[in-house]
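Reviewing the structure listed below.
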2 protein chains.
Amino acid sequence: MKFNLDDAIQLLRSTPDTLWVMLASLPEEWTSSNEGPETWSPFDVVGHLIHGDKTDWMPRTRIILELGEDKVFEPFDRFAQLEDSKGKSLTELLDEFADLRAENLEALEDMQLTAQDMERTGQHPEFGKVTLGQMLATWATHDLSHIAQISRVMSKQYKDEVGPWSAYIRVIKE
Amino acid sequence: MKFNLDDAIQLLRSTPDTLWVMLASLPEEWTSSNEGPETWSPFDVVGHLIHGDKTDWMPRTRIILELGEDKVFEPFDRFAQLEDSKGKSLTELLDEFADLRAENLEALEDMQLTAQDMERTGQHPEFGKVTLGQMLATWATHDLSHIAQISRVMSKQYKDEVGPWSAYIRVIKE
């Protein structure tokens with residue numbers, strides 16, 4: 001499937017609601033448990049999405065549009081949320097994420113980007129030359145990958161409870 | 001984490017809304033594409049969840065409560081939805097799933113099951129003796145595994161669009 005900005009925005013817009021519906025009514029034990037040492041709980045993942053929306057996707061979009069390949073992107077800190085989320089509740093994080101995402105998508109739409117703009121390039125600290133289209137496709141895909149992660153992590157909390165059915169639940173074993 | 005019926009019901013109740021928010025606004029190309037031959041699109045998965053809610057989880061619950069191990073469960077048909085969903089739109093399936101799930105959870109709550117009931121047993125055609133608690137834990141986990149699957153399948157539609165970032169998006173490569 002070819003990247004389409006309107007489709008990607010549609011998906012990016014749905015993610016805060018998806019996470020709210022999935023997580024807000026569940027007990028904290030389910031949303032704060034992870035897959036073992038140095039892995040993330042759903043709570044940690046929401047913090048990571050907030051950090052991405054604050055420091056990564058839109059700042060990099062602006063760098064590409066304003067400076068092109070002249071400025072290498074700041075590396076993304078994948079552990080920032082472990083500090084930033086401290087003392088907050090999950091619903092506070094979900095609200096913060098919803099607000100940030102709405103602001104970011106409004107700013108993105110205001111840019112009125114064209115198909116040609118999607119070919120504009122920036123410098124990734126590790127990959128080198130990347131296009132704006134690749135980065136925005138990654139933003140949407142990154143949301144999906146973390147919804148998959150949250151589903152997997154929560155399903156694993158019942159790995160001993162499902163008895164012999166664990167043989168059929170692929171994500172429990174991953 | 002120990003199985004808790006109220007928690008599981010909370011999760012089971014959220015799934016139709018989760019799927020609605022994730023899928024209803026996306027273009028058909030994204031929700032009807034799969035991972036290759038003999039794999040399922042998000043559309044197919046919603047049909048599979050409908051079939052499970054019609055023929056599997058609650059009928060088996062009733063068998064356990066009424067007949068115990070005297071009646072082996074009907075095997076679950078994993079391909080029924082490929083026929084049943086024909087000619088329907090995704091939003092029709094999402095509505096059908098939401099209605100079925102609401103009815104099923106109302107019936108489940110009306111049973112006023114106790115922790116002791118969770119130890120009652122039935123005969124699975126493949127696994128032999130299983131408990132009601134294991135089966136209801138599986139119902140919730142099964143929802144999560146299919147939300148993970150839908151996220152993975154949709155992320156893969158952009159696998160050529162994300163360029164070098166595919167190295168970091170684990171679900172694209174699974």
Side-chain angles (χ1 to χ4, degrees), chain A residues 1-4 6-8 10-11 13-15 17-27 29-30 33 124 126-128 130-131 133-135 137-138 140-152 154-172 174, chain B residues 1-4 6-8 10-11 13-15 17-27 29-30 33 124 126-128 130-131 133-135 137-138 140-152 154-172 174:
Chain A
M1 200 174 85
K2 286 286 156 205
F3 173 73
N4 173 295
D6 292 337
D7 295 348
Q10 203 65 266
L11 188 138
R13 200 185 304 287
S14 70
T15 304
D17 289 341
T18 299
L19 296 177
W20 186 276
V21 173
M22 282 183 78
L23 301 175
S25 66
L26 294 181
E29 188 182 5
W30 219 341
S33 295
H124 187 280
E126 182 181 338
F127 304 139
V130 290
T131 70
Q134 287 170 339
M135 196 187 67
T138 303
T141 309
H142 179 264
D143 275 12
L144 290 169
S145 77
H146 285 296
I147 294 169
Q149 177 185 22
I150 284 173
S151 307
R152 183 185 76 232
M154 289 205 299
S155 77
K156 284 189 185 175
Q157 308 312 320
Y158 268 180
K159 69 178 187 300
D160 297 329
E161 301 303 296
V162 300
W165 272 283
S166 61
Y168 278 159
I169 308 282
R170 169 175 164 178
V171 290
I172 279 189
E174 277 172 0
Chain B
M1 201 173 85
K2 286 286 157 207
F3 173 73
N4 173 295
D6 291 338
D7 296 348
Q10 203 64 267
L11 188 139
R13 200 186 305 285
S14 70
T15 304
D17 288 341
T18 299
L19 296 176
W20 187 277
V21 173
M22 282 183 78
L23 301 174
S25 67
L26 294 181
E29 188 182 5
W30 220 340
S33 296
H124 187 279
E126 183 181 338
F127 304 140
V130 291
T131 69
Q134 288 170 339
M135 196 186 66
T138 302
T141 310
H142 180 263
D143 274 12
L144 290 169
S145 77
H146 284 295
I147 294 169
Q149 176 185 21
I150 284 173
S151 306
R152 183 185 78 231
M154 290 206 299
S155 78
K156 284 189 184 174
Q157 308 313 319
Y158 268 179
K159 71 179 185 302
D160 297 329
E161 302 302 297
V162 300
W165 272 282
S166 60
Y168 278 159
I169 309 282
R170 168 175 163 178
V171 291
I172 279 190
E174 277 172 0

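Within every chain, numbering begins at 1; the chains are lettered A, B, ... in the order of the sequence lines, protein sequences first and strands thereafter. None of the values given here were measured: they were computed from a predicted structure.
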Practice prompt. To the nearest 0.5 angstrom, please state how far the CG atom of Leu26(A) sits from the CG atom of Leu11(B).
Written response: 5.5 Å
Practice prompt. Identify the heavy atoms of Gln134(A) and Pro164(B) that sit nearest to each other, and give their distance.
Written response: OE1-CD, 3.8 Å
Worksheet entry | Euclidean distance, Ile169(A) CD1 relative to His146(B) NE2, rounded to 0.5 Å | 7.0 Å
Practice prompt. Measure the spacing between CZ of Arg152(B) and OG of Ser151(A) and express it to the nearest 0.5 Å.
Written response: 11.0 Å
Worksheet item: Measuring heavy-atom distances to chain B, does Leu23(A) have an atom under 4.5 Å in its side chain, in its backbone, in both, or in neither?
Response: neither
Worksheet item: Side chain, backbone, both or neither: which part of Trp20(B) has a heavy atom under 4.5 Å from chain A?
Response: neither
Worksheet item: When rounded to the nearest 0.5 angstrom, what is the spacing between NZ in Lys156(B) and CG in Leu144(A)?
Response: 12.5 Å
Worksheet, complete the sentence: Residue from Arg13(B), Gln149(B), Met135(B) scoring the most non-hydrogen pairs under 4.5 Å with chain A is Met135(B)
Practice prompt. Go through Val171(B), Asp6(B), Asp7(B) and name the one with the most non-hydrogen pairs under 4.5 angstrom from chain A.
Written response: Asp7(B)
Practice prompt. Indicate yes or no for a side-chain donor-acceptor contact from Glu161(A) to the backbone of Ala137(B) under 3.5 Å, with no hydrogens or angles considered.
Written response: no
Worksheet entry | Part of Ala8(A) within contact of chain B (heavy atom distance under 4.5 Å) | both
Discussion item. Report which part of Ser33(B) has an atom under 4.5 Å of a heavy atom belonging to chain A: side chain, backbone, both, or neither.
Written reply: neither
Discussion item. Would you say the ring centers of Trp165(B) and His124(A) fall short of 6.0 Å from each other?
Written reply: yes
Worksheet entry | From Ser166(B) atom OG to Phe127(A) atom CZ, the distance as rounded to the nearest 0.5 Å | 7.5 Å
Practice prompt. Please identify each residue that fulfils side-chain hydrogen bond (donor to acceptor under 3.5 Å, both in side chains) with Gln157(B), with sequence neighbours left out.
Written response: none
Practice prompt. Measure distances from Ile150(B) to the heavy atoms of chain A and classify the residue's part below 4.5 Å as side chain, backbone, both or neither.
Written response: neither
Response to the item:
The salt bridge (Lys or Arg N to Asp or Glu O under 4.0 Å) partners of Lys159(B) (sequence neighbours excluded) come to none
Discussion item. Nearest 0.5 angstrom please: Met154(A) CE to Asp143(B) CG, how far?
Written reply: 10.0 Å
Worksheet entry | Over all atoms of both residues, closest heavy-atom pair of Tyr158(B) and Ala140(A) | CE1-CB, 4.4 Å
